[in-house]
Amino acid sequence: MKRIISFLIGIVLLCSSIRVQADDVKLYAKAAVLMDAESGKILYGKSEKKKMANASTTKILTCLYIIEHCNLEEEAEVSQNAASQPQVRLGVRKGEKYKVKDLLYGLMLESYNDCAVVLAEHAEGSTEKFAEKINQEAKKAGAKNTHFVTPNGLDASDDGGSHGTTAYDLAVIMKKCIRNEKFLEITRTGSYSFHDASGKRSFTCTNHNSLLSSMEGAISGKTGYTSKAGYCYVGAFEQGGTRMIAVVLASGWPPHKSYKWTDVKVLAAYGTEHYEYREIQPDTSAVAKIPVIGGTQSYVGLNAGKKKVKILMKKSEEVKIKCRLPKKVEAPVKQGDVIGEIFYMAGKQCVAKTKITAREDVERKDYWWYLGSAIEKYSL
């Protein structure tokens, strides 16, 4: 009897541990998010929209901005401001020149603060102007609660507030970054050597993103630390055909440097265990055509997208399909015009959408159309 009771207790404990693993992710980080890199769907969140200091994770946007707006083969000159930046730094000196490309490796592999300032001043003339630009870029990407003051992530404030972002916003920015092949090339590099323009000083940078070698499928990432922000990390990984972004903010303070790695691996395990891709093909037979007002024909045919849609879903979630389509349209209609949309809903969140377009042209009835119709009618 005792053996049976012990066995049953063991089953209960086992079930409890599985349930906690699925529904109660334990993290050191004060804020975190796990995001589907394709759709932007939040797979897990913890205070993900709370604005916090984010340290050198800022540099992912600095890097992307430089890639998109500068000639990487150009030389950037070092100012006194750049040369006086605090550790961690490359040690550039006023008046020296470096290739923009080389400074990007120093920025992302070693997280050098002086490299960030040289690049910012080269791109926009000053760090203040550069901050304005990257804040604009952040908003364009969908990061609405981000305010960057410095290009390197060092804690600072200006009239707009203190330097910081949210775990969610940082994931949105990273989502854009990993679509850039040059960004991926730089952040995946293990070691990189270069010299200044004079050739007199040589440097070697080593990548400090240990997840690239210790975690299956890791493809990019950036660490960060200040005494205000704590240990931070933003990164992307791909496992089982699923590309995800993980962000952890305030994941411990010294001496707990490894907490951020543990947190990211917990998020990755949660994502791969509890989410799966599903292929969904909606029945679009009810939206084959739509009436046209004032057109040379009464209806226009519709393309409602009969292909399967691939969606990353929680295994327990169900997808509901909603359609937005007007009762009629006005002529003229051009082939390819967007008439409506199909929404794929998981609860209240739209996880995918496809467009409903016109299959053909429908011209508007004008004077010449009426004249032609009359001539045709009376000639019979």
Side-chain angles (χ1 to χ4, degrees), residues 11-12 14-27 29 31-50 141-145 166-176 178-179 215-219 234-249 263-287 304-325 340-356:
I11 291 176
V12 170
L14 178 61
C15 292
S16 298
S17 66
I18 292 173
R19 188 159 54 247
V20 169
Q21 185 180 5
D23 301 328
D24 192 16
V25 175
K26 300 295 184 183
L27 300 172
V33 73
L34 181 67
M35 178 181 285
D36 174 23
E38 298 302 321
S39 68
K41 178 182 178 180
I42 297 176
L43 310 182
Y44 172 84
K46 175 184 178 181
S47 300
E48 69 273 16
K49 294 193 176 180
K50 180 181 178 181
K144 298 179 181 179
N145 295 308
T166 68
Y168 173 81
D169 277 11
L170 206 51
V172 168
I173 294 169
M174 190 62 167
K175 179 172 174 281
K176 182 179 180 181
I178 60 174
R179 292 177 178 173
M215 178 179 164
E216 180 186 354
I219 59 174
V234 52
F237 61 91
E238 188 170 319
Q239 294 179 357
T242 304
R243 181 169 283 195
M244 289 178 265
I245 295 166
V247 180
V248 291
L249 299 178
D263 280 350
V264 172
K265 289 177 181 179
V266 168
L267 289 172
Y270 176 81
T272 54
E273 182 176 349
H274 298 290
Y275 283 83
E276 64 182 4
Y277 272 113
R278 294 186 206 165
E279 288 189 338
I280 300 169
Q281 185 169 2
D283 180 4
T284 59
S285 58
V287 288
K306 295 183 178 180
K307 293 182 179 179
K308 293 181 179 179
V309 177
K310 193 175 181 182
I311 304 174
L312 184 64
M313 300 289 299
K314 200 168 186 178
K315 293 178 181 178
S316 60
E317 286 180 324
E318 293 184 2
V319 179
K320 292 185 179 180
I321 296 172
K322 293 184 178 181
C323 178
R324 184 175 68 191
L325 192 68
E341 289 182 299
I342 297 174
F343 299 91
Y344 301 78
M345 308 296 297
K348 294 182 179 179
Q349 186 176 11
C350 176
V351 293
K353 59 183 178 180
T354 55
K355 295 177 181 178
I356 301 173

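Numbers here simply count residues along the sequence, with the first being 1.
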Item to check | Minimum-distance pair of heavy atoms, taken over all atoms of M215 and A268 | outcome: CE-CB, 3.4 Å
Next on the checklist: Among residues at least two apart in sequence or on other chains, which ones pass side chain to side chain donor-acceptor pair (under 3.5 Å) with E48?
Outcome noted: none
Item to check | Min side-chain heavy-atom separation M313-V319 under 4.5 Å | outcome: yes
Checklist entry - Between L267 and V248, is any pair of side-chain heavy atoms under 4.5 Å apart? => result yes
Next on the checklist: Taking the side chain as everything from C-beta on, heavy atoms only, tell me whether L34 gets closer than 4.5 Å to I42.
Outcome noted: no
Checklist outcome for this item: Residues at least two apart in sequence or cross-chain that pass side chain to side chain contact (heavy atoms under 4.5 Å, CB included) with K353, listed by chain then number, are E341, F343, C350
Next on the checklist: I'd like to check M35 versus K175 (side-chain heavy atoms, cut-off strictly below 4.5 Å). Are they in contact?
Outcome noted: yes
Item to check | E273 backbone acceptor or donor facing K315 side chain under 3.5 Å | outcome: yes
Item to check | Under 3.5 Å: donor-acceptor pair, side chain of R278, backbone of E318 | outcome: no
Checklist entry - Who are the side chain to side chain donor-acceptor pair (under 3.5 Å) partners of E238, not counting sequence neighbours? => result R243
Checklist outcome for this item: Nearest heavy-atom contact between I342 and A304 is CD1-O, 3.4 Å
Next on the checklist: I'd like to check the side chain to side chain donor-acceptor pair (under 3.5 Å) partners of S39; sequence neighbours left out, ordered by chain and number.
Outcome noted: D36
Checklist entry - Considering residues at least two apart in sequence or located in another chain, which fulfil the salt bridge (Lys or Arg N to Asp or Glu O under 4.0 Å) criterion with K46? => result none
Next on the checklist: E216: which residues meet the salt bridge (Lys or Arg N to Asp or Glu O under 4.0 Å) condition with it, sequence neighbours left out?
Outcome noted: none
Item to check | Those residues that, when tested against A143, pass side chain to side chain contact (heavy atoms under 4.5 Å, CB included) (two or more places apart) | outcome: A138, T146, D169, I173
Next on the checklist: Return the CG to OG1 distance between N145 and T166, rounded to the nearest 0.5 Å.
Outcome noted: 5.5 Å
Item to check | For R179, all residues meeting side chain to side chain donor-acceptor pair (under 3.5 Å), sequence neighbours excluded | outcome: none
Checklist outcome for this item: Nearest heavy-atom approach of Y275 to L43 is OH-O, 2.9 Å
Checklist entry - Given side chains that start at C-beta, do those of L249 and S47 come closer than 4.5 Å, heavy atoms only? => result no
Checklist entry - Taking side chain as C-beta onward, heavy atoms only, is E38 less than 4.5 Å from Y277? => result yes
Next on the checklist: Checking K144 now: which residues fulfil side chain to side chain contact (heavy atoms under 4.5 Å, CB included) with it, not counting sequence neighbours?
Outcome noted: none
Item to check | Full working for side chain to side chain contact (heavy atoms under 4.5 Å, CB included) between I321 and I280 | outcome: CA-CA 10 Å; I321 296 172; I280 300 169; 4.1 Å; yes
Checklist entry - Quick one: salt bridge (Lys or Arg N to Asp or Glu O under 4.0 Å) partners of K41, sequence neighbours excluded? => result E317
Checklist entry - Taking all atoms of both residues into account, what is the closest heavy-atom pair of Q239 and T272, and its distance? => result OE1-CG2, 3.1 Å
Next on the checklist: I'd like to check K49 versus V33 (side-chain heavy atoms, cut-off strictly below 4.5 Å). Are they in contact?
Outcome noted: no
Item to check | Derivation and outcome, side chain to side chain contact (heavy atoms under 4.5 Å, CB included), residues K176 and V172 | outcome: CA-CA 7 Å; K176 182 179 180 181; V172 168; over 6 Å; no
Item to check | For A352 against V309, the heavy-atom pair lying closest together | outcome: CB-CG1, 4.0 Å
Checklist entry - Can you name the residues that form a ring-ring contact (aromatic ring centres under 6.0 Å, His included) with Y44, not counting sequence neighbours? => result Y270
Item to check | Heavy-atom pair with the smallest gap, counting every atom of I356 and C323 | outcome: CD1-SG, 3.7 Å
